[in-house]
There are 2 protein chains.
Amino acid sequence: MSEQDTSDRDYESVLRDAGMRITKPRKTILEILAEGEDHPDALEIFRRANARDASVSLSTVYRTMKALHDCGAIHRHAFEGGPARFEQADAPHHDHMIDVDTGEIVEFRSEKIERLQEEIARELGYHIVYHRLELYGRKRKTR
Amino acid sequence: MSEQDTSDRDYESVLRDAGMRITKPRKTILEILAEGEDHPDALEIFRRANARDASVSLSTVYRTMKALHDCGAIHRHAFEGGPARFEQADAPHHDHMIDVDTGEIVEFRSEKIERLQEEIARELGYHIVYHRLELYGRKRKTR
DNA sequence: AATGCAATTGCAAATCGTTTGCAATAACTG
DNA sequence: CAGTTATTGCAAACGATTTGCAATTGCATT
Ligand SMILES: [Mn+2]
Ligand SMILES: [Mn+2]
Ligand SMILES: [Zn+2]
Ligand SMILES: [Zn+2]
């Protein structure tokens, strides 16, 4: 009966529209994705889901993430090193800066860069389907 | 006795400076990297190396790639989907556009984007250690 | 509410790319 | 050339993810 509900509904209709069933494990996973502010990996999603419904398995997490990705409901990021991380696709597009020391992820968006990318692609005779821009950095000491 | 020789020597001194021995398998692999114009993965490097020296193993390819990467002599790219691909680090920096249909890789470089990245990092209070910019696109039909 | 069937599940085993332990071998040093 | 030590090939281990399968569930129908 709150905003949470709205998000869940959204996700559920995405699944339903794709002809998929709304099962208990999926509901739980969707709940977690809807409220998540971070970029959890499959194992972390599994942990959080499992805390609410002990029957959810890691396989189902993977399968659900794949289904949601195919539906375009989530983004899958393969940052350097670690396992794939996920986030909702409903937020406006942004890219990521990863702190190489702490692993912290900062989101940013540059209209200029987005535009330049399109321009470059056009010059090369392509149109962009999707892209990946990741900045791996370290906190600036010298201010 | 040709330009080839020069490239090989370079690689070898990189290894030597890092206190590594110049072995037959390494020589073969370095030869291949020096003349390669593309972005081969470990298995492809193994195939090419193996054609010249049947004793080279895949493990050694992986180990050599790791050593060269640690020395900063090569770049390792983990493009969407496939295995890691390698290329020499001696060429000037560039980013990649990947044709989602054919897998073809086109190199490009945008001074503007490079500059903007630095700018963004600074605004976020970071300095860039390295970055990854990959455009996944499709050949433009409409010219 | 009971029925039937296809979609979904958990589990274990398989997969892929990559790394590693180990005993045998080859590079370098003197 | 001999001694020390890095490097090798092999096979087995690895981490992340996917898959086969038989049991369970969601859901459209009565
Ligand atoms: Mn994000
Ligand atoms: Mn390149
Ligand atoms: Zn972007
Ligand atoms: Zn760049």
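Convention: sequence-line order gives letters A, B, ...; per-chain numbering from 1.
Nearest heavy-atom pair, H69(A) versus I74(A), reported as atom, atom and distance to 0.1 Å: CD2-O, 3.4 Å.
Checked against R48(B) for a salt bridge (charged side-chain N to carboxylate O under 4.0 Å, His left out), the options D38(B), D41(B), D53(B) give a single hit: D38(B). Among T64(A), V61(A), L68(A), the one residue that satisfies the side chain to side chain contact (heavy atoms under 4.5 Å, CB included) test with R26(A) is T64(A).
Counting to the nearest Å, the P atom of dT25(D) and the CZ atom of R26(A) are 15 Å from each other. In this structure, F46(A) atom CZ and dC11(C) atom P are separated by 8 Å, rounded to whole Å. Across the protein-nucleic acid pair, R47(A) atom CZ and dA16(D) atom P stand 10 Å apart, rounded to whole Å. What separates CG of N50(B) from P of dT8(D) is a distance of 14 Å, to the nearest Å.
The hydrophobic clustering, which links ILVMFWY residues whose side-chain heavy atoms are closer than 4.5 Å, places Y126(A) and I128(A) together.
Scored by the ring pair (Phe, Tyr, Trp, His ring centres under 6.0 Å) test, H131(A) finds H93(A) as partners (sequence neighbours excluded).
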Table of protein N/O atoms under 3.5 Å from nucleotides 25-28 of chain C N/O atoms:
unit_1: dA27(C); atom_1: N3; unit_2: R21(B); atom_2: NH1; d: 3.0
unit_1: dC28(C); atom_1: OP1; unit_2: R16(B); atom_2: NH2; d: 3.2
unit_1: dC28(C); atom_1: OP1; unit_2: I22(B); atom_2: N; d: 2.9

Dump the pairs, protein N or O against N or O of nucleotides 22-24 of chain D, anything under 3.5 Å, distances to one decimal.
none

Scan nucleotides 17-22 of chain C nucleotide by nucleotide, 5' to 3', and note B when protein non-hydrogen atoms come under 4.0 Å of the base, S if they reach only the sugar-phosphate, - if neither. SBBBB-
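The existence of a salt bridge linking R115(A) and E118(A) is excluded, since no basic side-chain nitrogen approaches an acidic carboxylate oxygen closer than 4.0 Å.
Sequence neighbours left out, not one pair with a member in residues 61-88 of chain B passes salt bridge (Lys or Arg N to Asp or Glu O under 4.0 Å). Screening residues 89-102 of chain A for salt bridge (Lys or Arg N to Asp or Glu O under 4.0 Å), with sequence neighbours left out, gives D99(A)-K139(A), D101(A)-R138(A).
For the atom pair CD1 (I29(A)) and CZ (F46(A)), the distance works out to 10.0 Å, reported to the nearest 0.5 Å.
Using a 4.5 Å heavy-atom cutoff, the side chains of Y130(A) and H75(A) are not in contact.
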